[in-house]
Amino acid sequence: MPAYTFTRLVQRDQLECLEIHHPFFDAELLLQGGQLIHFKPHHSAESWVWLSDKAEYVATKSLRGGIPVCWPWFGDADKNPATVRQHIPHTEKAAAHGFARNEIWQLESVMETCHQVAVTLSFTAENRADWQGKARLTAEFVFKANQCELSLCTTNLDSTALNFSQALHTYLPTADITQSRIYGLHSARFANALITDNGQWRESRQSDAVGFSEETDRVYFPLMQRLQLQTPKHHTLLLSQGSHSCVVWNPWINKSKRLSQFDHQAYQRMLCIETANVMDDSISLAPGEQHILSLTIRRP
């Protein structure tokens, strides 16, 4: 890796990590999975993304926290649309959330200025045992003093159509989950993954701000691409493009006891708002076509 002013490559147990120490901010980005695990402007007291205290830096294993990249399917493979499942030979054996988050991404470029740092990573997948297709993923991260931007570009390199679902599985911190609210989902349709009707997730509409008082696992179809998270200490804006679905998740008490790399009480200090293309918002690309999914995290 070339020498840069603010960026260096370090080893975290079994994983390589890009550490960025800029005059305006710090950031940490794993090459495995292209996973952002830390972003903190110097005027902030804590990271803008949540990372578990029990996170394990182990090869082929995604860390609990930050922004894992879920691709080319989201969640359980057999819960994805038929068009997505057709690329997966054995859905019953397929790992949750796809394989991109466990693969080593290549460092394409680092661009540093006095105001920002931009990092580009890439990963190519082609006709694997667990997935049939050919695509190139490019992730661009742009870090600034007042915001963090992530764009995930998928290019279909195959001669036939490519169908996939995906999510930027963003973990966000809070001082108190019971005092946290998500605004911008009013009147949005959602599917509740915890309640089924005849084998299908129950669909409802959100009547007001989203709050937390129990385990939450919902796929929303927002009417706007601007969400606001209000926690006891912070007001955070999440701006998305290329997405018409998002996942809101908190494991609450019982599921927290079953999760890996997760303290039993950590549910009180985190939540996920996942910018996504899932369910009927999954993507189909013609040969040579691209799709860009992007997220900007900003605090006023």
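Side-chain atoms are counted along with the backbone in the values below, which use heavy atoms only and exclude waters and symmetry mates.
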* Asked: Looking only at side chains, do S165 and N80 share a donor and an acceptor under 3.5 Å apart?
  -> yes

* How far does OH of Y267 sit from OG1 of T216, to the nearest 0.5 angstrom? -> 12.0 Å

* Under 3.5 Å side-chain donor-acceptor pair for T174 and S180 -> yes

* Asked: Taking only residues two or more places apart in sequence, or in another chain, which ones meet H22 in a ring pair (Phe, Tyr, Trp, His ring centres under 6.0 Å)?
  -> F6, F24, F25

* Hey, does the side chain of E274 reach the backbone of A276 with a donor-acceptor pair shorter than 3.5 angstrom? -> no

* To do: Could you check if a side-chain atom of F262 sits within less than 4.5 angstrom of a side-chain atom of S256, using non-hydrogen atoms only?
  => yes

* Asked: Is it true that the side chains of N156 and E289 contain a donor and an acceptor less than 3.5 Å apart?
  -> no

* **Cationic N near anionic O, under 4.0 Å, D197 to R202** => yes

* **Test side-chain hydrogen bond (donor to acceptor under 3.5 Å, both in side chains) applied to E140 - qualifying residues, sequence neighbours left out** => none

* Asked: Do the side-chain N and O atoms of D26 and H21 include a donor-acceptor pair separated by under 3.5 angstrom?
  -> yes

* Would you say the side-chain atoms of S52 pair up with the backbone N or O of Q261, donor to acceptor, closer than 3.5 Å? -> yes

* Are F221 and F190 near enough that their ring centres are under 6.0 Å apart? -> no

* Asked: Are E19 and R12 within salt-bridge range, i.e. N to O under 4.0 Å?
  -> yes

* Asked: Taking NZ, NE, NH1 and NH2 as the nitrogens, is one of them in K233 or E46 under 4.0 Å from a carboxylate oxygen of the other?
  -> no

* To do: Determine yes or no for a side-chain-to-main-chain donor-acceptor pair under 3.5 angstrom, with H97 supplying the side chain and G75 the backbone.
  => yes

* Results of salt bridge (Lys or Arg N to Asp or Glu O under 4.0 Å) for R128 - residues two or more places apart only -> E103, D130

* To do: Decide if atom NE2 of H115 counts as having more than 12 heavy atoms of other residues, nucleotides or ligands within a radius under 6.0 Å.
  => no

* Side-chain (W249) to main-chain (H169) donor-acceptor, under 3.5 angstrom -> no

* Asked: Within the distance-only criterion (no hydrogens, no angle test), does the side chain of T196 pair as donor or acceptor with the backbone N or O of G199 below 3.5 angstrom?
  -> no

* Would you check if the distance from the ring center of F164 to the ring center of W73 is below 6.0 Å? => no

* Mark yes or no for whether T91, through its side chain, and P89, through its backbone, hold a donor-acceptor pair below 3.5 Å. => no

* With distance as the sole test, does H291 use its side chain to make a donor-acceptor pair with the main-chain N or O of S284 at under 3.5 Å? -> no

* **Side chains of Y183 and Q230, donor plus acceptor under 3.5 Å** => no

* To do: Return yes when atom CD of E92 has more than 12 non-hydrogen atoms of other residues, nucleotides or ligands closer than 6.0 Å, and no otherwise.
  => yes

* Has the side chain of N127 got a donor or acceptor atom that lies under 3.5 Å from a matching backbone atom of G133? -> yes

* Asked: Can we say R298 and E149 salt-bridge, meaning some charged N sits less than 4.0 Å from an Asp/Glu carboxylate O?
  -> no

* Heavy-atom check, side chain of L237 versus side chain of I297, under 4.5 Å -> no

* Do R189 and D280 meet the salt-bridge criterion of a basic N to acidic O distance under 4.0 Å? -> yes

* Are the side chain of D217 and the backbone N or O of A193 linked by a donor-acceptor pair below 3.5 Å? -> no

* **Side chains of H235 and R299, donor plus acceptor under 3.5 Å** => no

